[in-house]
Every structure is written in structure tokens, then in C-alpha cells.
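Here the structure comes first, spelled out in C-alpha cells, and everything after it is commentary.
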Amino acid sequence: YDKTDIVGGSQRVLKIGHFYDSCYQIGLKNYTLKLAPGYDLSTDSCMYCDFVSGPFAAKREFLLKFFPKSFKGVLSSLHFFVELFKNSRSALSCPDVMFHVDKPDDFNDLKREEWFEFVIKHELNRIALPTNIDFFYTCSEAKMSCSPPKGVIMPICCLKELTDAMLRIFRLWKEHNINSVMESGTVIGSLKFGGTIPWERDEDITFNFHNLTVFEKLLPLFRSKGYKMEVTYLKPYFKDFDKCRKNGLSCIYYAYRTKH
């Protein structure tokens, strides 16, 4: 156990006599935190855990370095273990070491809004718990920007904003008989991922030039929902639409931007 930083045990709730083993595995990727009970590896009747939900013993230097002052209750313990997980630190839980407690620390009882500070701190869009609790957070709630480096997967809330914006366009265009087609990465995402490509930053949609007048009448509807719509007249013809159409080129580009 020389490389083990933390050791915990099982919990027995005094009032009801229930027994808990306290060992969880952490999944931390794609802006999502998942907690799953159980273990993958064990040694000498002890389990290797990413998160020990009950009482534990730890080296003093790790408590001083990682244990938070801003969180309270079970979230302070969970934050501590998430930080250790990010730093590839290990923990053991030995069920034969039993702690008697009045009430177990149960993160499953936390309400959605009680996770806000934790979500912001760890840049999360989703919290998935073992009891089928699945909390999603908007970009505003998570205080998250939709401008990560190129090639990096986009936050879930950004992809949702992008998808919602595209669906709003399609619904309005269908109501007003505007014909359109998806292009480029938007088509690939639809076919390969059943939605938006995870690292996509825009959607590509083309509509018929004959529908331009109708489309421009709809612009106030988009803007009233908080979207930005910027127009660019493409080279080499700019506003000479007759020449542009005769050469089969795209004549106008509308940049339709979401809030984040």
C-alpha cells in the first residue's frame, strides 16, 4: 500500500443497520461527471476506488493541498476525490474496516441547483449519478464559453444550442415553404453521429435564392429569440445576383449565431 494516499472502509448506519461499501468509480470526460458504484481492481480484501463516499484516512499533505474550503458536505469530499483523480492518485476502501455513522453522505439527495458551484468549478455540463439521476446544465448555468481550441470536443450545451438553432431554421422555413439542403459537416454529422459532429462549430445550410425575400422577412423572428444574423455578400459578384446565379455560385452568406 505504499502508493496509496487514502484508505476508507464501509459504513453502517446506526439507526437502520444498513451497510454500505462506499466505493465508486469516476468517469470524467466530454464535460460529464459519471459516478458508478463498485470497483475494477482489488488487493488483500480491499478495493481500489476513485471516490470513497464515507469516512477515510488520508495523508496530511494531500488534505492540505486538495481538500476544498469553498464546498460543504459531500461535495467537499467529492471535489477532493475528483482533484485526486485528475492527478492519478489512488484510494483504497477496505469493507472489513467499518465506520458507524448516524447518516451516510449521500450525493444522490442533492438537488440540481446544489451542484451549480461544483459544475462551474470543474467545467461540467452533465452530472450522471447511479440512481438514474441525470442533471444537464446550460452554458449560462455552467458559465461556459463555446470557443475551445479547434479540434477539441465542444461542450454539450454548445452542441445543443447549435442544434436548437438549426431546428428553429428548419421549422420556420418549412412553415414558409423555403427549400433548403444541409451541406458539408452538417451532412456528415447527421449520417455518422445521428446529430452534430462533437467538435463542430457551425452548421451549413443552403437555401434557394428565389426564397431570399421571404427569408429576409423572417430575420426579426430569429433576432427576437436572441440569435444574431450577419449578412455577407460573397466575391466576386457581391450584390450582382444575376451574374452570381448564372455562374451557379453562392451569392450571400448569413452568419446565424447563438448566444454563446
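Just so it is clear, the model here is predicted, and its values are computed rather than measured. The figures that follow rest on heavy atoms only: side chains count, while hydrogens, waters and symmetry mates do not.
- Smallest separation of non-hydrogen atoms from C94 and V7: SG-CG1, 4.3 Å.
- Taken together through direct or relayed side-chain contacts under 4.5 Å among Ile, Leu, Val, Met, Phe, Trp and Tyr, F99 and F107 form parts of separate hydrophobic clusters.
- Minimum interatomic distance between S77 and F51 (heavy atoms only, all atoms of both residues): OG-CE1, 3.8 Å.
- Closest approach of T43 and L92 over heavy atoms only: CG2-CD2, 4.3 Å.
- The closest side-chain heavy-atom distance from H122 to K86 is below 4.5 Å.
- Two rings, from F116 and Y137, have their centers less than 6.0 Å apart.
- Counting all heavy atoms, side chain and backbone alike, D50 lies closest to I26 at OD2-N, 2.8 Å.
- A donor and an acceptor atom, one from each side chain of T131 and N108, are located under 3.5 Å apart.
- Cluster membership check: Y24 shares its hydrophobic cluster with I133, using side-chain heavy-atom separations under 4.5 Å among Ile, Leu, Val, Met, Phe, Trp and Tyr.
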Exercise. Under the side-chain contact (heavy atoms from CB on, under 4.5 Å) criterion, do L78 and L35 qualify, and how do the steps go?
Worked result: CA-CA 10 Å; L78 181 56; L35 294 177; 4.2 Å; yes
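- For D164 and K160, the salt-bridge test passes: some basic side-chain N is under 4.0 Å from an acidic carboxylate O.
- A donor-acceptor pair under 3.5 Å is absent between the side-chain atoms of Q25 and the main chain of K34, judged by distance alone.
- The closest side-chain heavy-atom distance from T32 to I127 is not below 4.5 Å.
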For this session: Could you walk me through whether R12 and L14 pass the side-chain contact (heavy atoms from CB on, under 4.5 Å) test, one step at a time?
Result: CA-CA 6 Å; R12 181 177 180 271; L14 292 174; 4.0 Å; yes
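- Between C157 and C139, a gap of under 2.5 Å is found separating the two SG atoms.
- Placement of L28 and F81 within a single hydrophobic cluster is found when ILVMFWY residues are connected by side-chain heavy-atom separations under 4.5 Å, directly or transitively.
- To the nearest 0.5 Å, the span separating CG on N125 from CG on L159 amounts to 9.0 Å.
- Salt bridge status for D102 with K15: absent, with no side-chain N to carboxylate O gap under 4.0 Å.
- Both L129 and V82 are assigned to one and the same hydrophobic cluster, defined by single-linkage of ILVMFWY side chains at heavy-atom distances under 4.5 Å.
- Not less than 6.0 angstrom separates the ring centroid of F136 from the ring centroid of Y31.
- Both I169 and M166 are members of a single hydrophobic cluster when ILVMFWY side chains are connected at heavy-atom separations under 4.5 Å.
- Proximity of a side-chain donor or acceptor of S10 to a complementary backbone N or O of P95 within less than 3.5 Å is detected.
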Exercise. How far apart are the C-alpha atoms of M144 and E123, what are their side-chain angles, what is the distance that settles it, and do they pass the side-chain contact (heavy atoms from CB on, under 4.5 Å) test?
Worked result: CA-CA 7 Å; M144 192 168 286; E123 298 182 319; 4.1 Å; yes
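- In this structure, T138 and R112 approach most closely via the heavy-atom pair N-NH2, 4.5 Å.
- Between atom CG of residue D109 and atom CD of residue E114 there is a gap of 9.0 Å, rounded to the nearest 0.5 Å.
- Counting all heavy atoms, side chain and backbone alike, C49 lies closest to S93 at SG-CB, 3.5 Å.
- Sparse packing is recorded around NZ of K143, with 12 or fewer heavy atoms of other residues, nucleotides or ligands lying under 6.0 Å away.
- Side-chain contact between W115 and L75 is present, with at least one heavy-atom pair separated by less than 4.5 Å.
- Between F118 and H79, the ring planes lie perpendicular to each other; the angle is over 60°, past the 30° to 60° tilted range.
- Between N30 atom CG and R126 atom CZ the span is 10.0 Å, to the nearest 0.5 Å.
- In this structure, I156 CD1 and L124 CG are separated by 9.0 Å, a value rounded to the nearest 0.5 Å.
- Considering only heavy atoms from C-beta on, H176 stays 4.5 Å or farther from R171 through its side chain.
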For this session: I would like to know whether D5 and L84 meet side-chain contact (heavy atoms from CB on, under 4.5 Å); could you show each step before the answer?
Result: CA-CA 9 Å; D5 305 313; L84 294 183; 5.5 Å; no
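- The distance from atom CE of M98 to atom OG of S22, rounded to the nearest 0.5 Å, is 10.0 Å.
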